[in-house]
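Contents: one structure, followed by commentary.
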Amino acid sequence: GTIANTEAAGTPGATTCMNCHLGGTFNPTTTIDIKNSAGTSVTTVQSDSVYDVSVTIVAASGTPGAYGFQAIFLENQNNTNIGTFQNLGTGQTTKTFANGRVAVEHNTPSTSNSFSFKWKAPNVATATTATLYAFAMAVNLNSNGTGDIGDGHTYQVTVQPSLPSGIAQTVSGVEMTLFPNPVV
């Protein structure tokens with residue numbers, strides 16, 4: 001993406017890495033996982049909290065020479081960036097495109113087929129949904145883009161506002177009785 005200055009994660013209104021890489025026979029599958037600090041996969045996240053994200057591509061056939069990826073987190077309501085990427089892994093960088101969208105991506109071919117980074121959920125006043133778009137590539141390293149193939153995947157989360165400190169969550173289904181009634 002950075003080399004071609006192209007948003008290529010398969011986001012709305014954009015292309016994929018296959019715009020420059022021209023088909024191959026690795027038949028890859030891309031998966032995304034987002035985990036909380038306890039290591040549990042989540043689909044609901046809290047404002048201002050940090051999550052571990054992994055994008056993995058597995059080739060069903062052949063032996064790729066290297067791997068790459070690009071990922072962009074967008075708020076579903078208006079398709080603009082949401083949250084921030086943090087603690088990028090080795091060989092990763094962020095890229096800001098002309099439309100203001102920010103991607104995390106590889107900046108050198110990787111021998112690992114798994115890419116990990118952290119994402120900090122934004123501070124929101126009301127719940128909103130967001131989607132992580134990721135496109136990963138299995139490449140043969142022939143330096144011309146032919147024989148390379150990728151696969152895209154999305155992962156949707158609901159971003160919940162944080163509770164103000166000192167305010168407890170409402171518990172439903174609890175009944176309280178005071179005796180004697182009326183209380184003196």
Side-chain angles (χ1 to χ4, degrees), residues 1-34 43 45 51-122 128-159:
T2 296
I3 293 171
N5 197 29
T6 303
E7 182 181 333
T11 53
T15 187
T16 70
C17 300
M18 295 304 296
N19 194 48
C20 295
H21 295 271
L22 308 171
T25 59
F26 299 125
N27 300 317
T29 301
T30 299
T31 58
I32 300 170
D33 197 17
I34 300 177
T43 56
V45 299
Y51 296 87
D52 294 310
V53 179
S54 63
V55 175
T56 304
I57 183 167
V58 175
S61 61
T63 305
Y67 304 90
F69 85 110
Q70 185 182 87
I72 301 176
F73 233 123
L74 298 180
E75 183 175 22
N76 290 8
Q77 183 178 356
N78 55 19
N79 287 324
T80 58
N81 277 105
I82 187 166
T84 54
F85 297 114
Q86 302 180 339
N87 298 53
L88 304 181
T90 302
Q92 296 177 22
T93 189
T94 57
K95 170 68 178 170
T96 303
F97 298 101
N99 62 7
R101 291 180 178 170
V102 178
V104 60
E105 62 183 21
H106 70 283
N107 59 5
T108 183
S110 174
T111 56
S112 172
N113 67 329
S114 187
F115 302 90
S116 298
F117 51 91
K118 294 192 181 286
W119 175 74
K120 183 176 181 182
T128 189
T129 55
T131 301
L132 178 65
Y133 295 84
F135 201 90
M137 293 294 303
V139 300
N140 60 12
L141 293 178
N142 69 1
S143 299
N144 67 15
T146 59
D148 302 339
I149 192 163
D151 180 57
H153 197 69
T154 60
Y155 193 107
Q156 191 171 58
V157 296
T158 300
V159 182

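Ile149 contributes atom CD1, which lies 12.5 Å from atom OG1 of Thr146 (distance to the nearest 0.5 angstrom). How far CG of Asn87 is from NZ of Lys120: 11.5 Å, rounded to the nearest 0.5 Å. In this structure, SG on Cys20 lies 9.5 Å from CE on Met137, to the nearest 0.5 angstrom. Rounding to the nearest 0.5 angstrom, the gap separating the OG1 atom in Thr63 from the CZ atom in Phe26 is 7.5 Å. Rounding to the nearest 0.5 angstrom, the gap separating the CZ atom in Arg101 from the OG1 atom in Thr80 is 8.5 Å.
Relative ring orientation between Phe85 and Phe117 is described as perpendicular, the plane-to-plane angle rising above 60° on a 0-90° scale split at 30° and 60°. Aromatic ring pairs are classed by plane angle as parallel below 30°, tilted from 30° to 60° and perpendicular above 60°; the pair Trp119 and Tyr51 is tilted.
Shown here for Val102 and Thr94, the closest heavy-atom pair between the two residues is CG1-CB, 4.1 Å. The minimum heavy-atom distance linking Thr128 with Ile82 is given by the pair CG2-CD1, 3.9 Å. For the residue pair Ala103 and Phe97, the shortest heavy atom distance occurs at CB-CE1, 3.7 Å. Smallest separation of non-hydrogen atoms from Phe73 and Ile34: CZ-CD1, 3.8 Å. What you find for Gly65 and Leu141 is that their closest heavy atoms are O-CD1, 3.5 Å. What you find for Pro12 and Leu74 is that their closest heavy atoms are CD-CD1, 3.9 Å.
Of the possible polar contacts, one joining the Asn76 side chain to the Thr131 backbone as a donor-acceptor pair under 3.5 Å is found. With hydrogens and angles ignored, the 3.5 Å screen pairs a side-chain donor or acceptor of Asp151 with a backbone N or O of Thr30. Judged by distance alone, the side chain of Gln92 and the main-chain N or O of Ser116 form a donor-acceptor pair under 3.5 Å. With Thr25 contributing its side chain and Gly62 its backbone, the two residues share no donor-acceptor pair below 3.5 Å. Remark: the backbone N or O of Gly24 is not paired with any side-chain donor or acceptor of Asp148 at under 3.5 angstrom. Of the possible polar contacts, one joining the Gln70 side chain to the Ala9 backbone as a donor-acceptor pair under 3.5 Å is found.
Side-chain contact between His21 and Thr16 is absent, with no heavy-atom pair separated by less than 4.5 Å. Between Met18 and Phe135, the closest side-chain pair of non-hydrogen atoms falls below 4.5 Å. Two residues are said to be in side-chain contact when any heavy atoms from C-beta on lie closer than 4.5 Å; Asp33 and Tyr155 meet this criterion. Between Gln156 and Thr43, every side-chain heavy-atom pair lies at or beyond the 4.5 Å cut-off. Taking the side chain as every heavy atom from C-beta outward, Glu7 and Thr15 never approach each other to under 4.5 Å.
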Legend entry - Steps toward side-chain contact (heavy atoms from CB on, under 4.5 Å) verdict (Val104, Leu88): CA-CA 8 Å; Val104 60; Leu88 304 181; 3.3 Å; yes

